[in-house]
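One structure is given below, encoded as structure tokens.
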Amino acid sequence: MDSQVGATGIDRIDQCPGRAVVVSSQHPPVRTVPFSGQSLDPFSQAPTLVLTPCFADRLLDALPRVLVVPRAVQRTAALQLLEAEILREEPGQQAILDRLLDLVLAGALRDWFALPESRAPGWYQASSDPVVGAALAAMHDAPHRAWTVETLARQALVSRATLARRFTDLLGEPPMSYLSGWRLCLAADLLQRTDATVESVAHEVGYSSGYALSTAFHREYGVRPSHHRQATGKQAKG
């Protein structure tokens, strides 16, 4: 089975005898595109697994050119379901295939990261860590909140020192440094995908003003938010 997958820089998922192979090309740069493009299937809806560039880059940086997941270690039945659905010429098939491809891709990546030889990156391991995972979930779910190491530590039910030490060990940077990067990543994607004003984006991702976001954005990416938006072709609301 050779299915085109165009959302995350991952070109295909090949099912060979006894294994699943995810093939990725990291060039040209990742773009947010649908899995199946234009579809005439009346049951088809928008794709459910689309990674915007800032998020996709982090994933692609952790992947080799080709990764192989042996069938013996596959933990989901998505590939078998996909095989069966391909043989069904019935209304709604494309919508089901799109969603099964989402499951196959996510499952293949998760299974591959679980392999001892894959050397999963720190951010992936941290998401399931009982201490750091709770802090990450809090930041990801509510980036607009005025988080401090103390309030994040409360979320994780540990001391500030324990959280700071464990977080830095797993992710290579302190909690507040990660939070700043996460907020700017969200801002970059919002500026590209929406027509919200810089001021509105700033409040949504946790900055007190558009000026504060602009200063941090320029320090991180070397361009102002307005220039980033112009480069992606999105115009702000008047």
Side-chain angles (χ1 to χ4, degrees), residues 1-115 117-121 123-125 127-128 137 140-141 185-186 188-190 192-195 232-234:
M1 184 268 290
D2 183 353
S3 298
Q4 291 299 317
V5 180
T8 63
I10 295 171
D11 300 315
R12 335 187 279 281
I13 302 173
D14 298 342
Q15 186 179 2
C16 307
R19 63 180 182 172
V21 183
V22 175
V23 181
S24 73
S25 62
Q26 300 187 22
H27 304 288
V30 180
R31 296 187 183 278
T32 54
V33 297
F35 272 77
S36 55
Q38 296 295 325
S39 173
L40 298 179
D41 189 331
F43 290 88
S44 182
Q45 302 294 325
T48 56
L49 181 57
V50 177
L51 298 187
T52 48
C54 195
F55 306 137
D57 287 346
R58 180 172 294 184
L59 173 61
L60 291 177
D61 286 344
L63 296 179
R65 176 66 180 79
V66 176
L67 64 89
V68 177
V69 181
R71 185 177 290 273
V73 299
Q74 293 173 26
R75 298 172 295 177
T76 68
L79 276 173
Q80 290 89 332
L81 292 173
L82 189 59
E83 290 173 338
E85 186 59 36
I86 287 174
L87 300 177
R88 293 193 184 107
E89 295 292 339
E90 300 178 19
Q93 183 193 50
Q94 188 60 56
I96 293 174
L97 289 176
D98 284 346
R99 279 139 190 84
L100 284 174
L101 280 172
D102 291 352
L103 295 175
V104 170
L105 174 58
L109 292 173
R110 189 171 62 180
D111 289 345
W112 184 78
F113 278 133
L115 296 174
E117 61 270 27
S118 71
R119 290 179 292 181
W123 59 261
Y124 183 83
Q125 300 177 48
S127 63
S128 58
H140 292 169
D141 291 344
C185 181
L186 290 175
D189 287 334
L190 286 171
Q192 178 174 337
R193 293 187 296 107
T194 75
D195 57 2
T232 60
K234 196 73 179 180

### Query
Roughly how far apart are Gln93 CD and Asp98 CG, rounded to 0.5 Å?
10.0 Å
### Query
Can you tell me how far the CZ atom of Arg75 sits from the CG atom of Asp111, to the nearest 0.5 Å?
4.5 Å
### Query
If you measure from NE2 on His140 to CG on Leu186, what distance do you get to the nearest 0.5 Å?
8.0 Å
### Message
Are Leu105 and Leu109 packed together at the side-chain level, in the sense that at least one heavy-atom pair is separated by less than 4.5 angstrom?
### Response
yes
### Query
What are the two closest heavy atoms between Trp112 and Leu63, and how far apart are they?
CZ3-CD2, 4.1 Å
### Task
Taking the side chain as every heavy atom from C-beta outward, state whether Val69 and Phe113 have any atom pair closer than 4.5 Å.
no
### Query
Roughly how far, to the nearest 0.5 Å, is CG of Leu103 from CG of Leu79?
10.0 Å
### Task
Could you grab the distance from atom CG of Leu82 to atom CG of Leu87, nearest 0.5 Å is fine?
10.0 Å
## Note on the structure
Residue set satisfying side-chain hydrogen bond (donor to acceptor under 3.5 Å, both in side chains) with Arg88, at least two apart, ordered chain then number -> Glu85
